[in-house]
Amino acid sequence: MLKSRALLLIPVLPALLLAGAPAAPSAATASWLDPYREPASRLIGEALSTPFAWERLALVGDTFGNRLSGSQALEDAIQWAAAEMKKDGLENVHTEPVKVPHWVRGRESLDITAPRGAPLAMLGLGNSIGTPPEGIEAEVVVVRSFEELDSAADRVKGRIVLYNVPFTNYGETVQFRAAGPSRAAAHGAVAALVRSVGPPGLRLPHTGSLRYTDGAPQIPAAAIATEDADRLQRMQDRGTRTRVRLKMDARTLRDADSFNVVGELRGREKPGEVVVVSGHFDSWDVGTGSTDDGGGCVVTWEALRLMKKLNLRPRRTVRVVLWTNEENGTRGALAYRDSHKDQLTDHVLMLESDSGVFRPTGFGFTGSDAARAKITELAALLRGIQADRISAAGEGADIGPSVQAGNIPAMSLDVDGNYFLIHHTQADTVDKIDPMDMSRASAAIAVVAYVIAEMPERLK
Ligand SMILES: [Zn+2]
């Protein structure tokens, strides 16, 4: 996944030529696009001429590290981002307060204790309670589905359940992490383990949130590497009774103060109408939160910096929001929806980038048929960087609450990369990201945001 940064400057000219080229025979024939070809070329050219976005993301990770809600690192990064936005020349830069959950991992470990001792690669799940100081030791019962859990109910009481469910896609597999611990607890399990929600990698556990069922007993829970899940499965299949000891200091403290960071380029004619671009600035407490979602923050922020740099001030306001607390609460998203309740009807579009920054292929879009047709035509401006595909669903955990409340058109950056291999692991660091992909993503988002904010008629 590491790619040479030496290639950075080479594609600039072809991209410029293609973006500014006379209309090709298909969708690019839309003549309403003509006034936007030149500014789009300039935005793409500027973005591709510099590794600025990647360098800024590297600086975030190197300086602040990971940024879990409630951590000093997140709050320091938030204050830094607001100061940097001002230095970029953005307007109305401010932070909006949000109370966020404050979960702390503490020390943790998982060991096979019988028939022979061996450490396992684990990460406790966010929101989990801890174990007693001496840990919880019990026999492991491995299941491959909730049905298997239910039919093994009489063997689960007093034991530690392991869900060994191979990754298919996030939506499908994540339910074992989110709901699995409470379902095991309902059968009397004393702790739960989950095969990491991601494809097999290099024996890395993936953390993430669990959700305890209201009023049900709570048990500690952790993710283990796919390799270790397979090992425990093979041991059970051979009839070996395997015992493990789980130790977790995890605890939840009082809610902490945090902030969404907001910066704008005020619209020159209709400043009250807003195009929002966004990523979430909090991360899990492993790696440096570079793909999830520091990269999404930087490339959306770049859209405004590029416009400012090139003196492109669209008719409507373009606003960047760096959300807090996506990972274990989405409180930043909810606070924005509530505090901007009366302005949601003036939100023309909300965009989120939270699938990692790999090679951008285009955008997901959700909105009216007319708006989709417009966006599909607009995407022709991105053909030069091959980011012109418009797919079915525009979505994001952070834009979701506002999008629903205000019935706002929604977009998300689509990328081609193995996001879930490093998602929520110690390997989520900036070196997995190609500087050129950061530049391409910044360019694509800048062009879309600019045109939607500049079009005489509002996107409907
Ligand atoms: Zn994310």
Side-chain angles (χ1 to χ4, degrees), residues 57 60-61 64-71 73-74 77-78 81 98 100-101 103 123 125-127 167 169-171 173-174 177-178 196-199 204-211 223 258 260-261 276-301 320-336 350-358 360 363-364 393-403 410-415 417-430 432-433 437-438 441 445:
L57 178 61
V60 171
F64 304 104
N66 53 58
R67 304 171 302 281
L68 185 60
S69 289
S71 68
L74 174 61
I78 284 169
V98 184
V100 296
W103 178 81
L123 276 173
L125 296 183
N127 303 339
F167 181 76
N169 61 65
Y170 196 67
T173 315
V174 77
R177 187 191 81 206
S196 284
V197 182
L204 277 176
H206 299 230
T207 191
S209 282
L210 62 74
R211 223 180 19 250
S258 189
N260 292 326
V261 185
V276 169
V277 295
S278 66
H280 67 86
F281 213 29
D282 69 303
S283 75
W284 280 107
D285 56 339
V286 291
T288 56
S290 293
T291 46
D292 189 10
D293 179 34
C297 290
V298 171
V299 295
T300 48
W301 175 358
V320 59
V321 182
L322 310 187
W323 309 101
T324 192
N325 186 230
E326 188 274 342
E327 295 294 1
N328 55 341
T330 56
R331 299 261 190 94
L334 298 171
Y336 185 94
M350 292 187 83
L351 179 150
E352 180 160 5
S353 171
D354 187 21
S355 299
V357 179
F358 299 100
F363 295 90
E395 57 199 359
D398 301 287
I399 59 174
S402 296
V403 160
M411 261 178 124
S412 41
L413 182 71
D414 285 344
V415 295
N418 206 343
Y419 181 56
F420 287 107
L421 184 64
I422 54 179
H423 182 250
H424 297 184
T425 72
Q426 292 286 10
D428 183 356
T429 49
V430 73
K432 313 301 184 304
I433 300 172
D437 288 341
M438 289 287 289
I445 294 164

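First listed ligand is number 1; within each ligand, the first listed atom is number 1. On a predicted model such as this, the values are computed, not experimentally measured, just so you know.
Residues T300 and L351 form a side-chain contact, since some pair of their non-hydrogen atoms from C-beta on lies under 4.5 Å apart. Residues W323 and Y336 meet the side-chain proximity criterion, which asks for heavy atoms closer than 4.5 Å.
Within the sub-2.8 Å shell of the Zn ion (ligand 1), the protein contributes these N/O/S atoms: H280 NE2, D292 OD1, D354 OD1, D354 OD2.
Looking at residues two or more places apart in sequence or on another chain, you find a ring pair (Phe, Tyr, Trp, His ring centres under 6.0 Å) between F64 and W80.
Aromatic ring orientation, F358 versus Y419: perpendicular (interplanar angle above 60°, classes split at 30° and 60°).
Between atom CZ of residue R177 and atom OG1 of residue T207 there is a gap of 7.5 Å, rounded to the nearest 0.5 Å.
Note: H206 and F420 fail the aromatic proximity criterion, with ring centroids not under 6.0 Å apart.
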